Amino acid sequence: MSSTGSHVDAQALRELQQVMGNDFVLLIETFLNDSRIRLAAIDEAIAAGDSEALRRSAHSFKGSASNMAAPLLAELCQRLETLALNGEIAAAPAVVQRIRTEYGHVLEALQTDR
């Protein structure tokens with residue numbers, strides 16, 4: 001695997017790859033598919049003004065990002081979760097844009113390292 005930069009913890013990803021073996025590619029594909037679903041759920045929650053649904057979706061995405069060794073993406077999801085917990089949905093779109101940007105970097109890093 002090549003160096004993934006600051007978007008993905010390369011050492012943690014290598015360890016995960018060693019543990020998962022041949023299932024590592026399936027793990028990445030599952031993460032990517034689940035991420036698209038979570039981003040859609042986040043958009044829906046914001047559009048509906050549903051802070052609890054937003055909190056749950058952000059929390060789930062945070063866990064997935066952590067599991068895939070994507071610390072900045074996880075941190076951004078934590079920020080979104082906190083906004084939702086505090087009912088600050090109006091501030092959420094700016095954080096979601098940063099999440100989408102970071103997710104793009106993570107996606108690129110993961111596809112490079114396959």
Side-chain angles (χ1 to χ4, degrees):
M1 281 195 310
S2 65
S3 171
T4 57
S6 62
H7 302 290
V8 176
D9 180 333
Q11 178 62 35
L13 204 59
R14 275 192 295 277
E15 291 171 8
L16 184 59
Q17 185 177 27
Q18 289 172 351
V19 168
M20 295 298 298
N22 292 336
D23 290 332
F24 183 69
V25 172
L26 178 60
L27 178 71
I28 290 175
E29 289 172 1
T30 300
F31 168 73
L32 299 177
N33 289 332
D34 287 349
S35 296
R36 284 189 283 276
I37 292 167
R38 287 189 175 102
L39 284 167
I42 285 168
D43 290 341
E44 289 173 17
I46 291 170
D50 188 339
S51 59
E52 180 54 24
L54 179 59
R55 186 200 63 76
R56 285 192 312 267
S57 295
H59 179 79
S60 294
F61 200 10
K62 176 184 72 178
S64 295
S66 293
N67 291 339
M68 291 307 298
L72 182 52
L73 182 58
E75 178 185 318
L76 290 167
C77 290
Q78 173 64 55
R79 286 185 197 168
L80 184 61
E81 183 180 1
T82 300
L83 287 174
L85 188 62
N86 294 329
E88 299 175 21
I89 292 182
V95 176
V96 172
Q97 183 56 46
R98 292 186 64 202
I99 286 171
R100 288 184 181 285
T101 299
E102 182 58 21
Y103 174 69
H105 294 305
V106 169
L107 175 65
E108 189 176 307
L110 291 175
Q111 289 178 336
T112 299
D113 285 345
R114 276 201 242 181

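Counting begins at 1 with the first residue of the sequence. Treat the numbers as computed from the prediction; the structure is a model and nothing was measured.
Residue pairs meeting the ring pair (Phe, Tyr, Trp, His ring centres under 6.0 Å) criterion with at least one partner in residues 46-99, sequence neighbours excluded, do not occur; the list is empty. Applying the ring pair (Phe, Tyr, Trp, His ring centres under 6.0 Å) rule to pairs touching residues 63-106 yields His7-His105, sequence neighbours excluded. Among residues at least two apart or in separate chains, salt bridge (Lys or Arg N to Asp or Glu O under 4.0 Å) pairs with a member in residues 60-77 are Lys62-Glu81, Glu75-Arg79.
Residues meeting the side chain to side chain donor-acceptor pair (under 3.5 Å) test with Arg98, sequence neighbours left out: none. A search for side chain to side chain donor-acceptor pair (under 3.5 Å) contacts involving Asn33 returns Arg36, not counting sequence neighbours. Asp34 is linked by a salt bridge (Lys or Arg N to Asp or Glu O under 4.0 Å) to nothing, counting only residues two or more places apart in sequence or in another chain. Here Arg100 pairs with Asp43 under the salt bridge (Lys or Arg N to Asp or Glu O under 4.0 Å) rule; sequence neighbours left out. Asn67 pairs by the side-chain contact (heavy atoms from CB on, under 4.5 Å) definition with nothing, not counting sequence neighbours. In this structure, Ser51 has no side chain to side chain donor-acceptor pair (under 3.5 Å) partners at least two apart in sequence or on a different chain. For Ala12, the side-chain contact (heavy atoms from CB on, under 4.5 Å) partners are Asp9, Ala69, not counting sequence neighbours. Checked against side chain to side chain donor-acceptor pair (under 3.5 Å), Gln11 has the following partners two or more places apart in sequence or in another chain: Arg14, Glu15.
Nearest heavy atom pair, residue Ile42 against residue Ser57, reads CG1-CB, 3.6 Å. Taking both residues in full, the closest heavy atoms of Pro71 and Ser6 are given as CG-O, 4.4 Å, listed atom of the first, atom of the second, then distance. Listed here is the closest heavy atom pair of Ala65 and Ala74: CB-N, 3.7 Å.
Atom-to-atom distance recorded for Leu80:CG and Ile46:CD1 is 6.0 Å, nearest 0.5 angstrom. Rounded to the nearest 0.5 Å, atoms CD (Glu102) and CG (Leu72) are 4.0 Å apart.
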Per-pair distances, 0.1 Å, donor-acceptor, side chain in residues 82-97, under 3.5 Å, sequence neighbours excluded:
unit_1 : atom_1 : unit_2 : atom_2 : d
Thr82  : OG1    : Gln78  : O      : 3.0
Thr82  : OG1    : Gln78  : NE2    : 3.1
Asn86  : ND2    : Thr82  : O      : 3.2

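Under a hydrophobic clustering in which Ile, Leu, Val, Met, Phe, Trp and Tyr are joined whenever their side-chain heavy atoms come within less than 4.5 Å, directly or via other members, Leu107 and Ile37 fall into different clusters.
Met68 places a side-chain heavy atom less than 4.5 Å from the side chain of Leu110.
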